[in-house]
Amino acid sequence: MKSMKALVVVSLASVAMASSSSIPENQPVFDANLRAEIMTYWSTEGAYNAGLPDEAAKTGSWRVRLTPEGSEWIHTALKSLYVPKESAESLKQEKAEIRKRWQDWIDERIAFDIGQAGIQAASLNSAELGKPQKADQKQSPQPGQMPQDLKQEFGEPPLLYDVFQPFQHVIDFHDGVSFSFNTGVNVRKGYRYFRNLDGVMSPGSRVRNLPREDVDSLFRGAGISESEQRVMEAVSLLEGGFDAINTYDTGYVSIGFIQFACLTEGGHSLGQVLLNMKQNNPDQFVENFERMGLSVTSDGLLAALDPVTGIEFTGFDAARKIIADKRFPAIFKRAGQVSQEFRMAQLAVAKNLYYPADDVILVPHEGEEVEVRIGDVFATEAGLATIMERKVQTGKFGDLPLFIADLVAEWGLEHPIDAAEFEYELVQVM
């Protein structure tokens, strides 16, 4: 474990999140005995510490980061210019021209804000270290006049980039497992889905890097065939490992090999994974989650117990608590590494929610909407992996029905299911 500058025990985030309105009115998820056990567990010396990372001693602790408010503003503005595929070409061209004007100005504003934040970070680091520090960021001129239509629609943007002081959080489970997370994830420039500056990220161990016999055993244990396994492994290459963690973007809390997310409902697919494990392997669920303060309600909402105050949070309040208190991401990561039952729960829910072969879409055909089973058009594993990835990312199939309808019309096919012979073209367009 790396040493840290100014190592301190962190409990302020726990206290700040406390709110009597977050206590469920009905039966709590954690009973009194379990609450006491959880609070005792986390009061052990060295279980949770945080401080400035080692590099702060040399370069200072202040960094330039994208702001969540700026990211959301960029996303909202550019999303408003989305044009459905079936729209007239004139409208598409008009929106494309507007988008270019807006994007050009936003890029100028991003460059300016990065430069200004760099100057501020250098000043703060100079004061911290007692010696001059140069700004790492290139200085850019102020952006030109903001497009009037952008300003009228969305107003002046907030700071798109600002200074931030990342901290390193170390969690030790005293069983040979420990983790370190750094806040202030440095996402790509102008990233539109950044929502939590205090979030963390860990990609975990890729499924393809695990022992083959172990992986095969997991998939068989989850009731998944060899062909379905190959499809799901292909999708996981674009996501993470069973122990992957992401608490900085619009998924809020995203966990596992295809990033099961809680979203703003505070449950969603992540809640289903926990519920699957709790129902099918209750003893292991207690061992890997509940005794440490994480659980799930009977209707699939996250539940988290504050280890300091003993207050219970559910739903989106629990998600916010998980983001704020780095013990909870560590619990997920530990389970992803040591619990076969948690891994199999991920696989079972992935197949149930996202494997697309039996999904039915409605394809426009001869003035009607015809039901088409995905597996009847996409017969190859590559095709199913492409569609599954789209479903994982967006929860739907986008313009696939229209793409199939266009192929049917172009080639004079009798029925949308005949588009199966053009699967390669559909994969490319998707």
Side-chain angles (χ1 to χ4, degrees), residues 1-2 4-5 10 12-13 16-17 48-56 59-75 106 110-111 113-114 117-118 120-121 124-125 136-137 158-171 178-206 238-264 270 316 319-334 336-337 392-393:
M1 188 184 305
K2 295 173 64 177
M4 297 186 298
K5 178 182 177 183
V10 173
L12 294 179
M17 289 293 297
Y48 181 28
N49 296 288
L52 299 177
D54 291 343
E55 63 187 30
T59 63
S61 63
W62 294 92
R63 301 289 181 266
V64 175
R65 291 292 184 266
L66 174 67
T67 67
E69 299 80 13
S71 173
E72 188 167 8
W73 186 90
I74 294 170
H75 176 70
I106 290 171
I110 287 173
D113 282 5
I114 288 175
Q120 186 179 358
L124 290 168
N125 287 328
D136 294 332
Q137 289 72 26
L159 277 178
L160 302 184
Y161 280 76
D162 202 356
V163 294
F164 177 71
Q165 194 176 36
F167 270 67
Q168 184 181 49
H169 299 253
V170 175
I171 301 90
S178 62
F179 301 113
S180 174
F181 299 124
N182 279 18
T183 55
V185 178
N186 194 15
V187 297
R188 65 178 179 268
K189 189 179 296 185
Y191 183 61
R192 292 168 52 180
Y193 306 99
F194 188 60
R195 295 295 178 271
N196 298 296
L197 193 53
D198 200 37
V200 298
M201 187 275 289
S202 176
S205 302
R206 298 287 188 185
L238 303 176
E239 300 295 338
F242 291 112
D243 59 335
I245 305 291
N246 173 3
T247 64
Y248 69 79
D249 68 11
T250 51
Y252 291 94
V253 180
S254 301
I255 306 295
F257 87 109
I258 57 171
Q259 291 291 274
F260 300 95
C262 75
L263 305 185
T264 55
L270 177 56
F316 191 59
R320 292 174 57 231
K321 179 63 187 172
I322 291 167
I323 295 168
D325 190 326
K326 307 307 177 288
R327 284 171 276 214
F328 294 111
I331 293 170
F332 277 115
K333 188 166 183 65
R334 177 186 177 277
Q337 290 189 358
V392 167
Q393 290 293 334

* To do: Assess whether side-chain contact (heavy atoms from CB on, under 4.5 Å) is satisfied between V200 and N182, documenting all intermediate values.
  => CA-CA 6 Å; V200 298; N182 279 18; over 6 Å; no
Using only atom types and a distance under 3.5 Å, with no angle test, would you say the side chain of [X] pairs donor to acceptor with the backbone of [Y]?
| X | Y | value |
| --- | --- | --- |
| N196 | D198 | no |
| D325 | K321 | no |
| N125 | W62 | yes |
| R65 | F164 | no |

Excluding sequence neighbours, so at least two apart, what forms side-chain contact (heavy atoms from CB on, under 4.5 Å) with [X]?
| X | value |
| --- | --- |
| V187 | L66, V185, Y191, F194, Y248 |
| A261 | S254, L263 |
| S61 | L52, A56, E128, Q165 |
| D136 | none |

Going from [atom1] on [X] to [atom2] on [Y], what distance comes out if it is rounded to the nearest 0.5 angstrom?
| X | Y | atom1 | atom2 | answer |
| --- | --- | --- | --- | --- |
| F181 | Q168 | CZ | CD | 11.0 Å |
| S205 | D243 | OG | CG | 4.5 Å |
| I74 | L160 | CD1 | CG | 5.0 Å |
| I114 | L159 | CD1 | CG | 12.0 Å |
| M201 | N246 | CE | CG | 7.5 Å |
| D249 | Y193 | CG | OH | 10.0 Å |

What are the two closest non-hydrogen atoms of [X] and [Y], and how far apart are they?
| X | Y | result |
| --- | --- | --- |
| P166 | T183 | CB-O, 3.3 Å |
| P329 | T247 | CG-CG2, 4.4 Å |
| I171 | K326 | CD1-O, 3.6 Å |

* Not counting sequence neighbours, which residues clear side chain to side chain donor-acceptor pair (under 3.5 Å) with D113? List them please. =>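 Here the qualifying residues are R109.
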* **Pairs where residues 179-195 contributes a residue and the test salt bridge (Lys or Arg N to Asp or Glu O under 4.0 Å) is met, not counting sequence neighbours** =>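 Listed by first then second residue: nothing to list.
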* Answer yes or no for K333 and F179: cation-pi contact, defined as NZ/CZ to six-membered ring centre under 6.0 Å and angle to ring axis within 45°. =>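 Yes, a cation-pi geometry holds between K333 and F179.
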